[in-house]
Amino acid sequence: ETAMAACTSTRTQKSAGEQIDDTVITGKIKADLIGDSVTKAHEIDVEVFKGRVQLNGFVRNNEMRQRAVAIAKQVNGVTAVDNNLKLKGGATVSTGEKVDDGMLTARIKTALAEDERTKAAQINVETRDAVVLLAGFVNNAASRTAATELARGVPGVSRVDNQIAVK
């Protein structure tokens, strides 16, 4: 009976295991980034699809960018790492600018959620000094293009950097 149970679980784990693996990989990378002395206090978004990792967001320097990639690559199950981390501008951002970036992000997320082409997609939106970083995974190129169009259509956006990958 024990042998049968082992065979059964091994057989079903392959299909169900793939989805679980992406979640496990995401959690492990996030934990490792937080636990690392170089990358610990930074907002780095981690997206994973079938072992392919996207690191998204803004960091202070190149050392943080490189360290985050190295951490992600060390995690078991990772097949590729897309480094979409951007360097923060050197200027200190005033409170007013942060609010504006937050408002831009919110408006873009709303536009994406309301549009038929992008509403079901998992798209990460980050804004820094009116520059928008789009990342995540979508089902087709049309959704990817639509996300750029929608973000550009929000008043106040100066540039859109689309790092969205098609599944």
Rounded to the nearest 0.5 Å, what separation is found between the [atom1] atom of [X] and the [atom2] atom of [Y]?
X	Y	atom1	atom2	answer
Ser143	Ile123	OG	CD1	7.0 Å
Phe58	Lys86	CZ	NZ	8.0 Å
Asn139	Thr118	CG	OG1	12.0 Å

By the definition side chain to side chain contact (heavy atoms under 4.5 Å, CB included), identify the one residue from Leu134, Leu133, Asn124 that meets it with Gln163.
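Passing option: Leu133.
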With Ile29 as reference, evaluate Val75, Ile34, Ile44 under the side chain to side chain contact (heavy atoms under 4.5 Å, CB included) test and give the passing residue.
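The passing option is Val75.
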Glu47: what forms a side chain to side chain donor-acceptor pair (under 3.5 Å) with it, not counting sequence neighbours?
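Testing Glu47 for side chain to side chain donor-acceptor pair (under 3.5 Å), a comparison that skips the adjacent residues, returns none.
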Looking at residues at least two apart in the chain, or sitting in another chain, which of them share a side chain to side chain donor-acceptor pair (under 3.5 Å) with Arg52?
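Listed in chain order: Asp82.
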Side-chain heavy-atom pair [X], [Y] within 4.5 angstrom cut-off:
X	Y	result
Lys167	Phe49	yes
Asp161	Val132	no
Val53	Ile25	yes

Taking every non-hydrogen atom, the tightest pair across [X] and [Y]:
X	Y	result
Val154	Leu104	CG1-CD2, 3.9 Å
Ile164	Arg144	O-NE, 2.7 Å
Ala130	Gly156	CB-O, 3.3 Å
Ile108	Val157	CD1-CG2, 4.0 Å

Polar contact flag, side-chain donor to acceptor under 3.5 angstrom, Thr127-Thr105
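Checked: Thr127/Thr105 side chains pair up, N/O donor to acceptor below 3.5 Å.
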Under 3.5 Å, sequence neighbours excluded: what are the donor-acceptor pairs made by side chains of residues 145-153?
{"unit_1": "Thr145", "atom_1": "OG1", "unit_2": "Ala141", "atom_2": "O", "d": "3.1"}
{"unit_1": "Thr148", "atom_1": "OG1", "unit_2": "Asn162", "atom_2": "ND2", "d": "2.6"}
{"unit_1": "Glu149", "atom_1": "OE1", "unit_2": "Arg117", "atom_2": "NH1", "d": "3.3"}

Residues forming a salt bridge (Lys or Arg N to Asp or Glu O under 4.0 Å) with Lys119, sequence neighbours excluded
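Only Glu116 meet the salt bridge (Lys or Arg N to Asp or Glu O under 4.0 Å) criterion with Lys119.
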Quick one: list whatever passes salt bridge (Lys or Arg N to Asp or Glu O under 4.0 Å) with Asp45, sequence neighbours left out.
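Not a single residue meets the salt bridge (Lys or Arg N to Asp or Glu O under 4.0 Å) criterion with Asp45.
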Linking I/L/V/M/F/W/Y whenever their side-chain heavy atoms sit closer than 4.5 Å, directly or via other members, would Val131 and Val160 fall into one cluster?
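They do not share one cluster, since no chain of ILVMFWY contacts under 4.5 Å joins Val131 to Val160.
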Same apolar cluster (I L V M F W Y, side chains within < 4.5 Å links), Leu33/Val81:
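Both belong to a single hydrophobic cluster.
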With no hydrogens and no angle check, is any side-chain donor or acceptor of Asn84 less than 3.5 Å from a backbone partner on Gln54?
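Absent.
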N/O donor to acceptor pairs below 3.5 angstrom from side-chain atoms of residues 62-72, sequence neighbours left out:
{"unit_1": "Arg65", "atom_1": "NE", "unit_2": "Leu85", "atom_2": "O", "d": "2.7"}
{"unit_1": "Arg65", "atom_1": "NH2", "unit_2": "Leu85", "atom_2": "O", "d": "3.3"}
{"unit_1": "Arg67", "atom_1": "NE", "unit_2": "Asp36", "atom_2": "OD1", "d": "2.9"}
{"unit_1": "Arg67", "atom_1": "NE", "unit_2": "Asp36", "atom_2": "OD2", "d": "3.3"}
{"unit_1": "Arg67", "atom_1": "NH2", "unit_2": "Asp36", "atom_2": "OD1", "d": "2.7"}

Count the heavy atoms belonging to other residues, nucleotides or ligands that lie under 6.0 Å from NZ of Lys73, then report whether that count exceeds 12.
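It does not: Lys73 NZ has 12 such atoms or fewer within range.
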Does the side chain to side chain contact (heavy atoms under 4.5 Å, CB included) test come out yes or no for Val138 and Asn140, once each step is laid out?
CA-CA 6 Å; Val138 296; Asn140 55 53; 5.7 Å; no
